[in-house]
Amino acid sequence: QVQLVESGGGLVQAGGSLRLSCAASGRTFSNYAMGWFRQAPGKAREYVAGISWNSGNTYYADSVKGRFTISRDSAKNTVYLQMNNLKPEDTGVYYCAAKREWYISTRANEYDYWGQGTQVTVSS
């Protein structure tokens, strides 16, 4: 059974940094794509960044491009989201997700597995 466990969220001031981790287990993910999504209170879940596990290709939402970096460590079966120059509008619950095809998607309904989420709060 696939399990995704996020960690690394917290409270940070604007301009600060956080690194989120997503520990994946239950199978090999070499043919999967992994994504990070976030959801602010009262808003829809939105795509943040994605990575194709095998190739390492990445794709970012315009709102985070140049500030966030997604990466994966195959030896640890872990995906990371390095977030720099955080802004108050980055506040929300961040979710890790996995889809059974290699290509990245920005659509949440194309992902098959989800973590429980980790809270990120950026104060102004």
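The figures that follow rest on heavy atoms only: side chains count, while hydrogens, waters and symmetry mates do not. From a predicted model like this one, the values you see are computed outputs, not experimental measurements.
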Undergrad: Using 0.5 Å steps for rounding, measure from the CD atom of Q13 to the CG atom of L86.
TA: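 That separation rounds to 11.5 Å.
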Undergrad: Given the rule that I, L, V, M, F, W and Y join up when any side-chain heavy atoms are under 4.5 Å apart, are L18 and Y95 in one cluster?
TA: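 Each belongs to a different hydrophobic cluster.
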Undergrad: Under the side-chain contact (heavy atoms from CB on, under 4.5 Å) rule, collect the residues that match up with S7, sequence neighbours excluded.
TA: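 For S7, the residues satisfying side-chain contact (heavy atoms from CB on, under 4.5 Å) (neighbours in sequence not counted) are S21.
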Undergrad: We want to know whether N54 and S30 form a side-chain donor-acceptor pair, criterion being a heavy-atom distance below 3.5 angstrom.
TA: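 No pair is found: no donor N or O on one side chain lies under 3.5 Å from an acceptor on the other.
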Undergrad: Could you go step by step and tell me if D62 and K65 meet the salt bridge (Lys or Arg N to Asp or Glu O under 4.0 Å) rule?
TA: CA-CA 5 Å; D62 287 343; K65 203 171 293 183; 3.1 Å; yes
Undergrad: Below 4.5 Å, heavy atoms only, C-beta onward: do Y94 and M83 meet side chain to side chain?
TA: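 Answer yes - side chains close enough.
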Undergrad: I'd like to know whether L20 forms a side-chain contact (heavy atoms from CB on, under 4.5 Å) with V120, so could you lay out the CA-CA distance, the side-chain angles of the two residues, the decisive distance to 0.1 Å, and finally the verdict.
TA: CA-CA 9 Å; L20 306 183; V120 171; 4.0 Å; yes
Undergrad: With distance as the sole test, does E6 use its side chain to make a donor-acceptor pair with the main-chain N or O of G117 at under 3.5 Å?
TA: yes
Undergrad: Quick check for you: to the nearest 0.5 Å, what is the distance between S124 atom OG and K87 atom NZ?
TA: 14.0 Å
Undergrad: Compare all side-chain heavy atoms of D90 with those of R38 and state whether any distance is below 4.5 angstrom.
TA: yes
Undergrad: Checking T91 side chain against V122 main chain: does a donor-acceptor pair fall under 3.5 Å?
TA: yes
Undergrad: Looking only at non-hydrogen atoms, find the nearest pair between K76 and T78 and report the distance.
TA: O-OG1, 2.9 Å
Undergrad: Return the OG to OH distance between S105 and Y59, rounded to the nearest 0.5 Å.
TA: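 Atom-to-atom, S105:OG and Y59:OH are 10.5 Å apart.
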Undergrad: Do V79 and Y111 sit in the same hydrophobic cluster, where Ile, Leu, Val, Met, Phe, Trp and Tyr count as joined when their side-chain heavy atoms come under 4.5 Å apart?
TA: no
Undergrad: Identify whether V48 and Y32 are in the same connected component of the hydrophobic contact network (ILVMFWY, side-chain heavy atoms under 4.5 Å).
TA: yes
Undergrad: Is a side-chain donor or acceptor of S52 paired with a backbone partner of W102 at a separation under 3.5 angstrom?
TA: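 Judged by distance alone, yes, a pair lies under 3.5 Å.
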Undergrad: Between V12 and W36, is there shared hydrophobic-cluster membership here, with clusters defined by ILVMFWY side-chain heavy atoms closer than 4.5 Å?
TA: yes
Undergrad: To the nearest 0.5 Å, tell me how far L81 CG sits from R19 CZ.
TA: 10.5 Å
Undergrad: Specify the closest pair of heavy atoms between F29 and R27, including all atoms of both residues, with the distance to one decimal.
TA: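 Where F29 meets R27 most closely, the heavy atoms are CE1-O, 3.0 Å.
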Undergrad: Output the distance between atom OH (Y60) and atom CD1 (I51), rounded to the nearest 0.5 Å.
TA: 7.0 Å
Undergrad: Tell me whether the NZ or CZ atom of R45 lies within the 45° cone about the ring axis of F37 and under 6.0 Å from its centre.
TA: no
Undergrad: So how far is it from Q119 CD to Q39 CD, rounded to the nearest 0.5 Å?
TA: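 One finds 11.0 Å between CD of Q119 and CD of Q39.
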Undergrad: On a heavy-atom basis, which atom in M34 and which in A98 lie closest, and how many Å separate them?
TA: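 Minimum heavy-atom separation between M34 and A98: SD-CB, 3.5 Å.
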Undergrad: Would you please name every residue forming a ring pair (Phe, Tyr, Trp, His ring centres under 6.0 Å) with F68, sequence neighbours left out?
TA: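 In terms of ring pair (Phe, Tyr, Trp, His ring centres under 6.0 Å), with neighbours along the sequence ignored, F68 is linked to no residue.
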Undergrad: Go through the steps to decide whether N77 and W53 satisfy the test side-chain contact (heavy atoms from CB on, under 4.5 Å), and finish with yes or no.
TA: CA-CA 10 Å; N77 249 19; W53 196 288; 3.8 Å; yes
Undergrad: Is there a path of hydrophobic side-chain contacts, each under 4.5 Å between heavy atoms, that joins W114 and Y47?
TA: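 Per the 4.5 Å side-chain linkage, W114 and Y47 are co-clustered.
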